[in-house]
Amino acid sequence: MKTIILRTASNYLLPVLLLFSIFILLRGHYLPGGGFVGGLIAAIAFVLHSFANGLKNTKSLLRFHPGFLMPAGLALSFFSGLSPIIFAGDPFMTGLWYHGHVPVLGSVGSALFFDMGVYLVVVGVTLTIIFTISEAP
Amino acid sequence: MTLVEYCRIVILPVLAFSVILILIRFFKGPSIADRIVALDLLITTGIGIIGVYTITSGSSTLLDTGMILALIAFLSTVALSYYLERRSKKK
């Protein structure tokens with residue numbers, strides 16, 4: 001679609017939506033939000049960019065195939081579940097929390113890294129599905 | 001009349017009535033473009049209802065939903081019109 005209004009708007013909306021998705025990801029533990037919703041919002045940002053600028057430009061913006069995000073996110077989630085066995089000797093997937101205040105994030109624990117893994121997996125899956133569908137004639 | 005009463009007595013019925021009118025247009029709509037515009041307008045009215053709920057209840061939980069709806073709502077219109085345009089080009 002070659003309309004200048006949509007293209008200009010999408011250039012400004014892409015960083016805003018990505019920032020909002022990270023905000024949703026970080027507030028997710030005690031409030032509505034989390035990795036899944038944040039990943040969907042980030043995927044929607046890239047879909048909007050591909051509608052306005054074409055699929056090729058979005059792929060060159062991403063630099064690598066979004067399918068590679070799936071194993072990376074799964075590995076991050078798995079190692080966050082594995083970390084209490086390694087560091088504390090607790091059972092698998094026990095929540096480890098750092099008792100202190102980190103300025104932007106609030107409280108940091110293994111649940112945050114699990115959510116980040118979910119975020120990466122959701123972005124990868126959604127973008128792979130949508131790019132495959134829109135490539136089909 | 002306080003602000004909360006005004007929201008409950010005046011604004012919420014107006015929004016509900018407009019939702020009914022939009023739904024009539026959505027089901028009746030002669031062309032598919034009418035239905036797309038009705039769908040977009042339905043989401044916008046939903047954002048208004050979320051605003052009224054936030055004022056009357058005083059909880060800001062749903063406010064983020066309204067924000068993300070306002071950011072994304074036009075995406076459905078864009079996508080549907082994109083496919084409409086492609087279909088009319090094929091013919």
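This structure is a prediction, so every number in the text was calculated from the model and none was measured. These values consider heavy atoms only, across backbone and side chains, with no hydrogens, waters or symmetry-generated copies. Quick note on labels: first sequence line is chain A, next is B, and so on, each numbered from 1.
Summarising the local packing, CD1 of I4(A) is surrounded by 12 or fewer heavy atoms from other residues, nucleotides or ligands at distances under 6.0 Å. Remark: I9(B) CD1 is packed, more than 12 non-hydrogen atoms of other residues, nucleotides or ligands lying under 6.0 Å away. Within a 6.0 Å sphere centred on OH of Y12(A), other residues, nucleotides and ligands contribute 12 heavy atoms or fewer.
Placement of F17(B) and Y6(B) in two distinct hydrophobic clusters is found when ILVMFWY residues are connected by side-chain heavy-atom separations under 4.5 Å, directly or transitively. Cluster annotation: L14(A) and F131(A) are assigned to the same hydrophobic cluster (Ile/Leu/Val/Met/Phe/Trp/Tyr, side-chain heavy-atom contacts under 4.5 Å, transitive).
Taking CD1 from I68(B) and CD1 from I44(A), the interatomic distance works out to 7.0 Å, rounded to the nearest 0.5 Å. In this structure, I24(A) CD1 and M67(B) CE are separated by 8.0 Å, a value rounded to the nearest 0.5 Å.
The choice from T65(B), T61(B), I72(B) that makes the most heavy-atom pairs within less than 4.5 Å of chain A is I72(B).
When all heavy atoms of F20(A) and D64(B) are compared, the pair lying nearest together is CZ-O, 4.0 Å.
Annotation: side chain of F74(B) is in contact with side chain of L13(A) (closest heavy-atom distance under 4.5 Å).
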